[in-house]
Structures are given as structure tokens and as C-alpha cells.
Novice: 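Dropping a structure here in C-alpha cells format, bear with me for questions.
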Amino acid sequence: MITGSEALMQALIAEGVETIFGYPGGQIMPVYDQLYDYRDCLHHVLVRHEQGAIHAAQGYARVKGVPGVVICTSGPGATNVITGVADAIIDSTPLVVIAGQVNVGLLGTDAFQETDVLGMTIPIAKWSWQIRRPEDIPWAVARAFYIAKSGRPGPVVLDLTRDAQIGMLDFHYEPIDFIRSYIPCPVASQESIEEAARLINEAQRPFVVFGQGVILSQAEAELEAFLDKGDIPAGSTLLGLSALRSDNRHFMGMAGMHGRIATNVMTQHCDVLIAIGMRFDDRVTGKMSTYATQAKIIHIDIDNAEINKNIQVYLGILGDAKNVLSRLTPLIAEADHADWISTADECRNTEYEKVISPEIHPQGSELTMGEVENLVAEYVKGEAIVVTDVGQNQMTAARYSRFTHSRSLITSGGLGTMGFGLPAAIGAKTAAPSRPVCLFVGDGGLQMTIQELGTIMQEGTGVKIVLLNNNWLGNVRQWQQLFWNERYSATRMMNPDYASLAAAYGIAYRQVEQRSELASAVEEMFADDRPFLLNVHVIEAGMVFPMIPPGKSVDEIMLNTNEWFEYGK
């Protein structure tokens with residue numbers, strides 16, 4: 001007979017958990033007391049705020065490919081993780097969140113630090129469950145891990161009452177791989193795969209847009225083999241980046257609002273569009289009523305809710321990307337689409353001349369975001385895990401980073417959570433201590449979770465932080481300039497003395513204001529594995545182009561504030 005708290009420790013170990021991100025408090029203290037005896041096999045990362053815990057767990061999960069684990073107390077501890085739960089469900093990140101709760105007898109009494117965790121999380125979690133008895137802990141934990149990591153991954157929340165933590169049970173634990181009525185990986189019908197092969201073989205201008213589903217299903221090799229055999233060009237969503245090497249000959253780049261011109265134009269001129277493990281987010285499709293209307297769309301996805309949700313498709317294939325591609329590739333003909341692929345040349349040439357070259361080789365004296373991120377990319381040669389916050393830093397990092405390994409871009413996609421970057425980078429480095437982890441963050445996003453510098457100090461986590469400092473909420477400022485008559489409402493920021501902050505937390509620091517200082521500063525930052533804050537002052541009025549304005553089709557592309565791209569002209 002053991003306590004529920006010890007049962008939880010042993011269940012976590014049985015599930016292969018090595019790292020926990022969390023913050024103690026009154027209603028989770030029995031668990032933390034038991035954790036004291038398991039310090040040798042369960043590493044606990046003490047964050048400075050529960051939102052930091054869940055974002056760190058997200059970074060850990062996305063890099064390692066296993067559920068991230070969060071432990072927090074009741075009330076505000078639980079509510080502080082809710083933003084991360086919402087972020088994780090949209091971005092399909094596997095998490096197990098264990099929140100303390102008051103005694104069963106106090107439920108519904110508005111007891112100190114009691115909140116309705118289930119009521120708040122059921123709409124935004126893959127599964128939420130309240131554990132009231134200690135004997136239910138093994139049952140709930142086994143299901144939590146299975147549900148979180150199987151099929152389309154997502155966050156699971158366990159609301160753990162104090163009674164369950166301190167009560168006794170006769171412990172027996174078995175991980176599970178089956179729940180009745182839950183079918184995480186539907187098997188695509190052979191008829192649908194054969195129909196897809198027929199459409200692809202008849203296509204003159206096939207095009208692929210792939211998303212994170214390729215990474216989640218570990219289908220990177222299958223995707224590459226599919227593209228090679230069919231000689232099919234491809235673009236990716238933001239979260240799909242790194243599934244293919246950046247230098248893959250079929251890779252056209254990121255799709256969507258700030259994506260590559262070639263990717264967006266080819267989407268609008270292909271005759272068959274194969275969407276793999278992506279959900280047709282509005283930032284990818286632009287104006288949905290005009291998205292790829294000329295094409296027969298094949299949508300491969302593990303989640304039936306995504307098929308025909310945003311875009312009506314010609315053929316939906318419900319199944320795991322790895323399984324579908326491995327069965328589809330033998331059925332497609334070896335093809336030569338060189339002429340079709342060459343149509344990207346015009347787009348690439350224009351984008352380099354009008355957007356990329358002015359950004360990475362600027363004529364003015366002020367540094368640009370793209371210039372900084374491109375230099376870092378050249379230095380790390382695609383070997384780093386790139387973490388971003390949200391905003392201009394995120395879009396420029398997606399555009400100018402290069403990737404040679406999968407699971408190498410960690411960012412908040414669907415929810416767009418500012419403050420995600422710093423704790424996510426801590427989680428990413430914890431998951432892959434031997435790889436360089438570089439965070440690109442704006443001054444707005446950094447200050448949202450800046451207290452996690454304390455976690456870096458305590459853990460010694462060797463995160464490289466590149467602060468793109470422009471004294472503005474840059475992405476909002478860009479929209480205000482372009483679409484709101486330059487009415488810059490509440491976007492100018494006063495920043496702290498980052499040098500003093502870095503010194504206070506014992507983090508190596510350097511500030512760069514001149515182009516002549518940048519290369520040596522980047523070299524210094526990567527000279528060893530200590531944490532480093534590089535504060536780069538970039539142009540305040542910097543913009544991210546190309547850009548598809550909201551409400552426009554994906555081939556209505558702004559090159560800069562004065563020019564639009566016109567295909568074939």
C-alpha cells in the first residue's frame with residue numbers, strides 16, 4: 001500500500017518521464033513532498049511562473065517527441081497554465097498537466113484556491129479528468145499519456161484532489177495502448193489512396209503543402225521519397241518547417257501571409273494540390289473563397305474534423321501521414337515536372353531582388369531583423385534548434401533560418417502566444433542538451449515571461465537569446481502603418497536596462513548597435529554552451545515582407561510598401 005502521491009511518481013516513471021516542469025503550492029504539496037524521494041530519477045525544473053512551466057513543457061515535447069509534463073497547484077496555479085493548454089491543442093503538442101485540487105468535501109464551496117479546472121479546460125484540452133480517489137490514479141495517468149501522445153497529439157489535464165494525493169492504494173500500473181471507442185490512427189481506405197494516385201499521375205502541375213502532421217507521424221523520409229518519385233514541388237506551413245531540409249530541391253519554402261512568393265503562386269496555379277498533415281489555417285490560405293480554386297485538392301489528415309472544415313476538397317484521405325505516404329508512393333508514376341518547377345524561378349528572382357537582398361544586405365546604417373537572423377543561420381549551418389516568440393521575430397526567423405534536422409523550429413503557431421519563446425527555449429534545450437538552441441525574440445515577447453531568466457540562472461540552461469530590440473510591438477506597429485493610417489496606438493515600448501538584467505541573473509551579455517559588431521558578437525555567443533543574451537538594436541520601422549494583406553488571396557502579395565507582385569509581368 002502506498003499513497004496516491006507515490007503512485008503518481010511511480011506511474012510517471014513507468015511512462016518514461018525524465019523531466020517535470022512545475023511550481024509547488026498548497027494543494028499539490030503532498031505530490032511535491034513525495035517528489036523529494038524521487039529526485040534521482042525525476043528531474044524537476046522549477047520555473048518562475050506556471051505559464052513558463054507549460055511553455056517549457058511544450059518546447060520539450062516538440063523537440064523530444066514525447067509528452068511534456070507539468071505539475072502545478074490549484075486555483076491560480078491551474079489558471080496560469082490554461083494559455084499553454086489552449087496553445088498546445090491548436091498546435092497538436094502532447095502534454096500531461098497535473099493540477100492540484102482541494103479536498104473532495106470542499107469542491108463547489110469556493111474554498112481557498114479552488115477553481116473549476118474541468119469546466120475551464122474541457123473545451124481546450126484533448127481530455128480532462130478529475131481524480132477523486134487514490135485508486136483511480138493509475139487508471140487516469142495511463143489514459144492521460146496514451147491520449148496525449150496517440151493519433152493527433154494534444155494536452156491532457158488531470159485535476160488531482162488532495163484526497164487522492166494522500167489516500168492509500170494497492171498500487172499496480174500498466175501503460176495502455178487501447179481505449180474502447182477511441183480510434184487515434186484511422187487506416188485510410190485503399191480506394192482513396194488509389195484515387196489519389198490516379199489524380200497525381202494525371203496532373204501536369206502537382207503541388208504539395210505539408211504541415212506539422214508530417215513531423216508528428218515521423219513521415220519525413222516518406223515525404224521526401226514521395227516528392228522525389230513524383231518530381232513534385234512542395235511548400236510547408238509554419239509548423240511544417242524542418243520536416244524537409246531547407247536545401248531539398250523540391251522545397252519552395254513556407255506558405256502563407258509572410259511565406260515565399262513561389263509557394264503561394266504555385267498554390268494558385270497547380271492543377272492538383274496535395275495537402276498533407278495541415279489544417280488550412282487562414283494565415284496559409286488567405287481569402288478562403290479564392291484559395292486554389294483551379295485545383296483538385298487532396299487532403300491527407302489524421303483528424304477527420306479537419307477535412308472539409310475550412311476548404312472543401314476533392315478527395316479527403318483520413319489516415320496517418322506516414323502510413324498513407326508509404327502506401328501512396330509505390331502507386332505514383334516516376335515523373336518529370338521540370339518545366340512546372342521552373343515557373344518558380346521568376347518568383348524567386350523577384351523575391352530576392354525586391355525583398356531578400358534589401359533585408360539581408362541593407363543600404364542603410366541600421367541593422368535589420370532579417371540581416372541578424374540570416375547571419376545566425378549562416379553561422380549555425382542548419383544545426384541549431386530555432387525557437388521563436390511571436391511577431392516579426394517569428395516570421396523573419398521562419399523566412400531566413402535553415403534546417404537540416406526535423407523538429408528544429410519551435411514556435412507558437414495557431415494561438416500566437418507572445419511570451420512563448422523564452423520558456424519554450426528552456427524546454428527545448430532541456431530536451432536536447434547537446435544541440436545549440438537559439439531563441440529569436442522581440443522586446444515585447446521577452447518581457448511577457450522575462451522572469452524565466454531565473455529558471456535559466458538556476459538550471460544553467462545554455463539557451464542563446466537573440467533579442468531583436470526595436471522599442472515597439474513590431475508586428476502590431478506594421479499593421480498600424482499599413483492598414484490603420486499610421487495611428488500607432490499603444491505600441492511604442494520603453495525597455496529596461498537589459499545589461500543590468502542579464503548581470504542580475506548571471507547571464508553573459510552583449511549589446512550590438514553597429515553592423516561591424518554583429519559577426520563577432522554572434523561568434524562570442526556560440527563560443528561555449530553557457531546562456532547568452534545578445535541584445536541587437538534593429539531598425540525601429542522594420543517591416544516583414546512579402547506580405548499577403550488580410551482578406552486578400554494568397555497571390556495578392558505586397559513586396560514592400562509601394563510594390564505588389566504580379567506573376568508573369
Side-chain angles (χ1 to χ4, degrees), residues 235 238 241 252-269 282-287 290 343-377 388 390-402 440 442 444 468-489 491-492 515 518 536-569:
L238 173 65
L241 288 171
M252 300 291 123
M254 184 176 71
M257 179 173 281
H258 292 292
R260 296 290 182 179
I261 294 174
T263 303
N264 289 322
V265 168
M266 295 179 89
T267 297
Q268 297 297 82
H269 287 83
D282 60 290
R283 289 296 174 96
V284 169
T285 65
K287 186 178 180 181
T290 62
T343 62
D345 293 344
E346 175 192 342
C347 304
R348 286 169 160 166
N349 292 338
T350 300
E351 184 168 355
Y352 187 82
E353 176 188 352
K354 297 291 186 178
V355 179
I356 296 174
S357 182
E359 181 72 13
I360 66 175
H361 303 298
Q363 297 300 309
S365 59
E366 294 179 288
L367 289 161
T368 69
M369 292 174 288
E371 174 184 12
V372 176
E373 293 179 314
N374 183 68
L375 181 65
V376 172
T388 84
V390 170
Q392 290 179 319
N393 64 88
Q394 177 186 39
M395 292 296 100
T396 48
R399 287 183 53 78
Y400 295 104
S401 296
R402 269 86 84 185
F440 293 108
L468 300 169
N469 189 347
N470 61 7
N471 300 297
W472 288 84
L473 298 176
N475 207 49
V476 181
R477 188 210 61 78
Q478 176 168 334
W479 281 51
Q480 288 173 332
Q481 177 178 337
L482 294 175
F483 312 122
W484 294 92
N485 299 317
E486 300 182 12
R487 292 162 60 87
Y488 300 117
S489 175
T491 44
R492 176 75 179 178
R515 184 165 291 117
L518 182 60
V536 184
H537 287 217
V538 295
I539 184 170
E540 291 196 359
M543 308 282 272
V544 183
F545 288 111
M547 181 180 187
I548 301 163
K552 297 292 186 180
S553 298
V554 294
D555 55 355
E556 297 180 87
I557 303 169
M558 297 179 68
L559 296 170
N560 49 54
T561 54
N562 300 312
E563 296 179 274
W564 292 71
F565 178 77
E566 295 185 72
Y567 182 64
K569 295 183 182 181

Novice: At their closest point, which heavy atom of S365 faces which heavy atom of R515, and how far apart are they?
Specialist: O-NH1, 3.8 Å

Novice: In a check of side chain to side chain donor-acceptor pair (under 3.5 Å) between T491 and each of Q478, R477, Q480, which one passes?
Specialist: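 Of Q478, R477, Q480, side chain to side chain donor-acceptor pair (under 3.5 Å) with T491 is met by Q480 alone.
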
Novice: Side chains of W564 and E556: is there a donor and an acceptor less than 3.5 Å apart?
Specialist: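 Per modelled atom types, W564 and E556 side chains form no pair under 3.5 Å.
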
Novice: Where the side chain of N374 meets the backbone of G370, is there a donor-acceptor pair that is under 3.5 Å apart?
Specialist: no

Novice: Using atom types as modelled and distance alone, determine if a side-chain donor or acceptor of T350 lies under 3.5 Å from a backbone N or O of E346.
Specialist: yes

Novice: Indicate yes or no: at least one non-hydrogen side-chain atom of E540 is less than 4.5 angstrom from one of R492.
Specialist: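 The answer is yes; the side chains approach within 4.5 Å.
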
Novice: For the atom pair OG1 (T343) and CZ (R348), what is the distance rounded to the nearest 0.5 Å?
Specialist: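 Atom-to-atom, T343:OG1 and R348:CZ are 9.5 Å apart.
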
Novice: Scan N470, V476, N475 and name whichever one has a side-chain contact (heavy atoms from CB on, under 4.5 Å) with W472.
Specialist: N470

Novice: Do E366 and H537 come within less than 4.5 Å of each other through their side chains, counting heavy atoms only?
Specialist: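 Not touching, per the 4.5 Å side-chain cut-off.
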
Novice: Would you call V372 and T396 a side-chain contact if the rule is heavy atoms closer than 4.5 Å?
Specialist: no

Novice: Looking only at heavy atoms, what is the nearest atom pair of N393 and E373, with distance?
Specialist: O-OE2, 3.0 Å

Novice: Grab the two heavy atoms, one from S401 and one from A377, that are nearest each other, plus how far apart they are.
Specialist: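 Closest approach of S401 to A377, heavy atoms only: CA-CB, 4.0 Å.
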
Novice: Could you check K287 against K552 for side chain to side chain contact (heavy atoms under 4.5 Å, CB included), going step by step and ending with a plain yes or no?
Specialist: CA-CA 5 Å; K287 186 178 180 181; K552 297 292 186 180; 5.9 Å; no

Novice: Testing the basics here: between Y400 and I360, what is the closest heavy-atom pair and its distance to 0.1 Å?
Specialist: CE2-CG2, 3.7 Å

Novice: Let me see the working for V376 and F440 under side chain to side chain contact (heavy atoms under 4.5 Å, CB included), right down to the final yes or no.
Specialist: CA-CA 10 Å; V376 172; F440 293 108; 3.8 Å; yes

Novice: Can you name the closest pair of heavy atoms from A255 and V284 and give their distance?
Specialist: CB-CG1, 4.3 Å

Novice: I need the minimum non-hydrogen distance between T368 and E359, along with the two atoms involved.
Specialist: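 Looking at all heavy atoms of both residues, the shortest contact is OG1-O, 2.6 Å.
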
Novice: Ring-plane angle category for H269 and Y567, please: parallel below 30°, perpendicular beyond 60°, tilted otherwise.
Specialist: tilted

Novice: Look only at the side chain of H258 and the backbone of F545, and say whether a donor-acceptor pair between them is shorter than 3.5 Å.
Specialist: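 Side chain of H258 to backbone of F545: no pair is present.
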
Novice: Which value, rounded to the nearest 0.5 Å, describes the distance between M254 atom CE and N264 atom CG?
Specialist: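 Reported value, rounded in 0.5 Å steps: 9.0 Å.
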
Novice: Can you list the steps and then say if V355 with N560 is a side chain to side chain contact (heavy atoms under 4.5 Å, CB included)?
Specialist: CA-CA 7 Å; V355 179; N560 49 54; over 6 Å; no

Novice: By the definition side-chain contact (heavy atoms from CB on, under 4.5 Å), identify the one residue from V265, D555, I548 that meets it with F565.
Specialist: V265

Novice: Rounded to the nearest 0.5 Å, how far apart are CZ of R399 and CE of M369?
Specialist: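 The CZ atom of R399 sits 11.5 Å away from the CE atom of M369.
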
Novice: Are the side chain of R260 and the backbone N or O of P546 linked by a donor-acceptor pair below 3.5 Å?
Specialist: no

Novice: Hey, are the side chains of P550 and W479 touching, using non-hydrogen atoms and a 4.5 Å cut-off?
Specialist: yes

Novice: Before you tell me yes or no, could you show the steps for M558 and M543 under side chain to side chain contact (heavy atoms under 4.5 Å, CB included), namely the whole-Å CA-CA distance, both residues' side-chain angles and the distance that decides it to 0.1 Å?
Specialist: CA-CA 11 Å; M558 297 179 68; M543 308 282 272; over 6 Å; no

